[in-house]
There are 4 protein chains.
Amino acid sequence: MPQVAVIPKPNAPVELREVPAPELEENSALLEVKLSEVCGTDVYLQQGRLEGVPYPLVPGHVSVGRLSEIRGTLLDVEGREFREGDRVTFLDVHRTCNACWYCLVAKATTRCRQRKVYGITYGLDDGLCGGWAEQIYLKPGTRCIRLDADAETFMAGGCALPTALHAVERGEIAIGDTVLVLGSGPVGINGIILSLMRGALRVLCIGAPDQRLEAATQVGASAVLNFEEHKEGERLEWTREQTHGRGADVTIEATGAPDAVVQAMRFTRDAGRVVVVGQYTDHGPVSIEAGFNPHLDLNRKHLDVRGCWGSDFSHFYRGAQIVSDSVRSAPWVALKAKLSRYTLEQANEALNDVASGRVLKALIAPEYASSRSQIHN
Amino acid sequence: MPQVAVIPKPNAPVELREVPAPELEENSALLEVKLSEVCGTDVYLQQGRLEGVPYPLVPGHVSVGRLSEIRGTLLDVEGREFREGDRVTFLDVHRTCNACWYCLVAKATTRCRQRKVYGITYGLDDGLCGGWAEQIYLKPGTRCIRLDADAETFMAGGCALPTALHAVERGEIAIGDTVLVLGSGPVGINGIILSLMRGALRVLCIGAPDQRLEAATQVGASAVLNFEEHKEGERLEWTREQTHGRGADVTIEATGAPDAVVQAMRFTRDAGRVVVVGQYTDHGPVSIEAGFNPHLDLNRKHLDVRGCWGSDFSHFYRGAQIVSDSVRSAPWVALKAKLSRYTLEQANEALNDVASGRVLKALIAPEYASSRSQIHN
Amino acid sequence: MPQVAVIPKPNAPVELREVPAPELEENSALLEVKLSEVCGTDVYLQQGRLEGVPYPLVPGHVSVGRLSEIRGTLLDVEGREFREGDRVTFLDVHRTCNACWYCLVAKATTRCRQRKVYGITYGLDDGLCGGWAEQIYLKPGTRCIRLDADAETFMAGGCALPTALHAVERGEIAIGDTVLVLGSGPVGINGIILSLMRGALRVLCIGAPDQRLEAATQVGASAVLNFEEHKEGERLEWTREQTHGRGADVTIEATGAPDAVVQAMRFTRDAGRVVVVGQYTDHGPVSIEAGFNPHLDLNRKHLDVRGCWGSDFSHFYRGAQIVSDSVRSAPWVALKAKLSRYTLEQANEALNDVASGRVLKALIAPEYASSRSQIHN
Amino acid sequence: MPQVAVIPKPNAPVELREVPAPELEENSALLEVKLSEVCGTDVYLQQGRLEGVPYPLVPGHVSVGRLSEIRGTLLDVEGREFREGDRVTFLDVHRTCNACWYCLVAKATTRCRQRKVYGITYGLDDGLCGGWAEQIYLKPGTRCIRLDADAETFMAGGCALPTALHAVERGEIAIGDTVLVLGSGPVGINGIILSLMRGALRVLCIGAPDQRLEAATQVGASAVLNFEEHKEGERLEWTREQTHGRGADVTIEATGAPDAVVQAMRFTRDAGRVVVVGQYTDHGPVSIEAGFNPHLDLNRKHLDVRGCWGSDFSHFYRGAQIVSDSVRSAPWVALKAKLSRYTLEQANEALNDVASGRVLKALIAPEYASSRSQIHN
């Protein structure tokens, strides 16, 4: 019986359980997990900050592993059949319906109400549907991608890579632009890499703590500023000094803090673009001190402010292609040194380390007993 | 000596003055004013709410009249030469530089720092540069348009027409969309007309007072709601009832009230567009009660929020074409009944009536002594 | 046993057959056909000009009728359940897979290789899958729309309406643009209506014969030219006279003739847009006389040339909403007078009349024996 | 008196002349030329293939030098004043009017009829207006850019860099796309570099001769094919093999050959984009063998075909920024080894070498007598 790590209910510690192996439906598969991610959303899940989560829950929405069993036929987007033994990852979003108004008329598939997400809105009662587990049950219709990259390189991007790709796409960055990234967590770091990949001339980063800003510099940021050591006015001043007094062409707000959304507008040049990315849980209103003045902060400047979080299959697919490319993958290969691994038993420790910002990226690596299976990259 | 109406300084009443007739530079002209507009910006000018206004000021940025004198050559965008006696209007924005970073690299000519605006940032010291006057001096480089529409039909649109056209363009309205317009002043009313002209299936309007909502209905709004009689929650509910529970595809915020910007986000469907239009003066921050929660109000919904005010020549030109067309002009022809005319001497009264919302659109019609000139449409 | 009209093989006349009533799968339905369309594609189907058509074939891809039987649950895009007796139409495209590279990465669902089309790529062996029949079998996953419009108004648009909507969307028509439509068949006529609905100031049409040009004028074209009476040079001259010598802002090529694609480029202003619409069968190369010179005809002018045919659900849905609206539907209500009705027995006559251009729009109206069913609008 | 190289009339060899030093107007300057380009357009100029060229002509539209004299004030787009001695380049396009329909309504400034181009539509009678000269007279309103890059690095891009940037912008390349570049001349090579800079995962190149394809590989092309050794069918096959059988996401046609425009369509996937770039002179029609079938080649595939040539200031400015950046400039620094220098006296030789494709990029480097001036990088 496969072992899983479970959040039994909000604010309760993660605990290990053994659950029955699933019976496979037609055109489904079983994935032996090699690595699964611990991201900020998992911290929120443990804190009970998301609505509609069906606890008990096995977290882990982005994972890599090996197909240990396939029943029926499993195809990739090229129409090629998967084989048992293949190394794959899969889009955490399942069951985008292709039948509702959002899917078919608005063409905003990320807003489909039917969609379910492995590790977030699929709970333990739905089956083996989270990555903090020895096995994941890939239900029929799950979108898998054969992975040429090694597991660690892929997970160095993790869910932050398609999320940041979504943001960079929304930002319509032009060759030669100056991009400002607020936040130096995984989404911020991936935002820096991808802004440069999209042609930004310079990428600035305001974040914390210093070791994350070092990572920002390592992946190509031209200049960084520690927001804990500089007040809003100083950050504005610093941004303007770097941008001929105008502000950034595009600002990507990846901190998740309400006030940062307003600051992002202030740090952006007239007629520029602000992308708010990643955060979709309730972090409260903009503070009175921040004082959002929409006509001065947004309208006088002719700004575009664009929200996004999550990703669709195109972002996930393109991200997987990039990290599988020998040239393009270089920034993520470099980030592998910053990954922290935890066993299933150490899941609570992993959550704490992510919550405190002590680690840049935490991964769960279920340790298989040698009698069960052998995973090779 | 032509007579002008002057705001001598902030918060002082308008007064009449006689000023010397200008000496024409090469490629400039003199316009005998038939009608000039009194818009909300003029109220702010009198209240001293805009920065950098060079008082004493002759207001009136959108005007119609007859070219009474031309020195040198004056061409329209088609390269046709203007003749004395032609009925024209002109873009209030002068001297967009075509040489700065905003003009040439960002291609955001509305953000050019060199631009000057007749009746707003050109003061009396710059010459006869406002429309509340018997004559306007059209400096070299002023962009004139020969007007086929009669003066009243054009002024029924006034500056609100190109402003609303800018907003509707920013909104990227698709055929079949449901558009919600917040505000029933001139920009709101023009926003309704132009949203329908762009293919909206239904346009909803939340505004006040009732006589303006009647105008909204008259120009084609499918449903209207008086915001003075319904709280935010009721307005949200009403909007959802009209939109299968989702909110509007596009919301145009044309009230100028800070809280309305946040409400616009809440009244819009996921992955929809919000256009904030018109207001660029300091009306203070969003209230504590409104409580802007950027991650719930904007980001969770994947919204686009786009600011704009003013217009560029393309909006002004297209607007002038529309009101000159026998079919397209119908809504503005109908609005002519709602115009209120004032003489130069009645300028203070006009400002009061606009400030109080008592009239939908006030126009200054300088009364020429018969010995000076005869204006015929 | 329901009666159907069948094209047994290419170039053979249509013949009537009786086929067994289908056994309904879960979540499928049976539609009693009131009206089904005869369009240009049906002529090509009879002539064998499309590849991969599974003859014998029951043509008729856009139809209106009444749900006579439902098995299981049938939902619309709002999630509302259909009931037996409802008047509906349905998207002819079935089984867009939502699983392939075109659907998920390119987001070009119209290019999905799995898609099947009722009346075109579903043959008689696939079941009751064409509209020239007393009944259509709506397979599970067919996208139905409840129709508020009466059947005739909807069919006055027919498949040309969503096709033209697709084209107009591709053309990104701006308020105030001048649009030139080449062709005055159903797609051309709908292109005129929708260009105006999208804000075109003027729509020109070059087509034939005169009665179709009269229809063009009736739906709002500002000026029309009979191409049979004017050579290419004269048409170019005429277009320029209407457009200050520049050419149209947007040209919609809806003739299906290869040379017209090149002429469309020549008739369009510099930096304008050309939309080629509708034709996707082999009509041969551009003629030597036309002499396509890509660097002069396209590149020197900085043109955008955009191809499209067919439509996706969004076009079909928006089209159905428009014709169901009391105000918006006016042009199609007017066109009802131009519909020609044929019984199933008269299908060959209908094809001939469409092929010759003798009628603007032909419809098949199966005549039910009174003992079977009664259709009321 | 400064020395210039002149094309006296079509098909006549270049000859040297001495011309009087210009008298500077207010806000103009004199540029001592360090390097000026010899590009394909110059070959056409010598062959008399462009219309409206005012011979005698001093060619050379992209040049680098030092400001030797300034009269009045010369500002860059940031509003900073230039000083004598500054190293600069300047946009060859002068006098975009900012007053015509194309500038103001269509916002297609590249299509302004008033624009003049140094070295192409400014002839010797207009003054010292070409770069194959010891000095260039920078008329008032010429848009200069202070150059941080060394002259050779900038000229390694030359006019092909902003042209290719224009094309890549038109191609809307997304991160992860596969781009196919047809042609391996300067525009093709720059197209490869910039497609990668914009996020293309893979760039394929079909060109000739082999040494240019080596340059293509050197700057990052994933795969190259010599078109002289492979027929159209083989090229199509090769492209499909590299793209899962679909064709490229974006194809940039930079050969200038009419048939290549049609091949570009065939080599591109359904719903992809084709950018035709650079060529705007008459190279004749598509050949009968190529047989452009618009409905199969373009429409069935839902292609976008977008023409462009030249560039506007934004492309030129962004290009100058890129080559001035220590990281971004790497590909052009590497290309410096492929530059071929010629003196003014060797201008005919330079033209021949460019016409034959013997050199990748030819530059004119006027040799100043030591008594006149000293140029240091």
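Source: prediction; values computed, not measured. A note on names: the letters A, B, ... follow the listed sequences, proteins ahead of strands, and every chain is numbered from 1.
For the pair D:Arg318 and A:Gly176, the tightest heavy-atom approach, listed with the atom from each and the gap, is NH1-C, 3.8 Å.
Both the backbone and the side chain of A:Gln321 have a heavy atom closer than 4.5 Å to some heavy atom of chain D. Proximity to chain D (any heavy atom under 4.5 Å) is restricted, for A:Leu165, to the side chain, taken from C-beta onward.
Among residues 324-337 of chain A, the residues having any heavy atom closer than 4.5 Å to a heavy atom of chain D are, in sequence order, A:Asp325, A:Arg328. Listed in order of number, the residues of residues 242-250 of chain A that approach chain D to under 4.5 Å between heavy atoms are A:His244, A:Arg246.
Put simply, CD1 on D:Ile175 and CD1 on A:Ile193 are 11.0 Å apart, with the number rounded to the nearest 0.5 Å.
Considering only heavy-atom pairs separated by less than 4.5 Å from chain A, the leading option among D:Val168, D:Leu196, D:Leu194 is D:Leu196. Between chain D and the options A:Arg198, A:Met197, A:His315, heavy-atom pairs under 4.5 Å are most frequent for A:Arg198.
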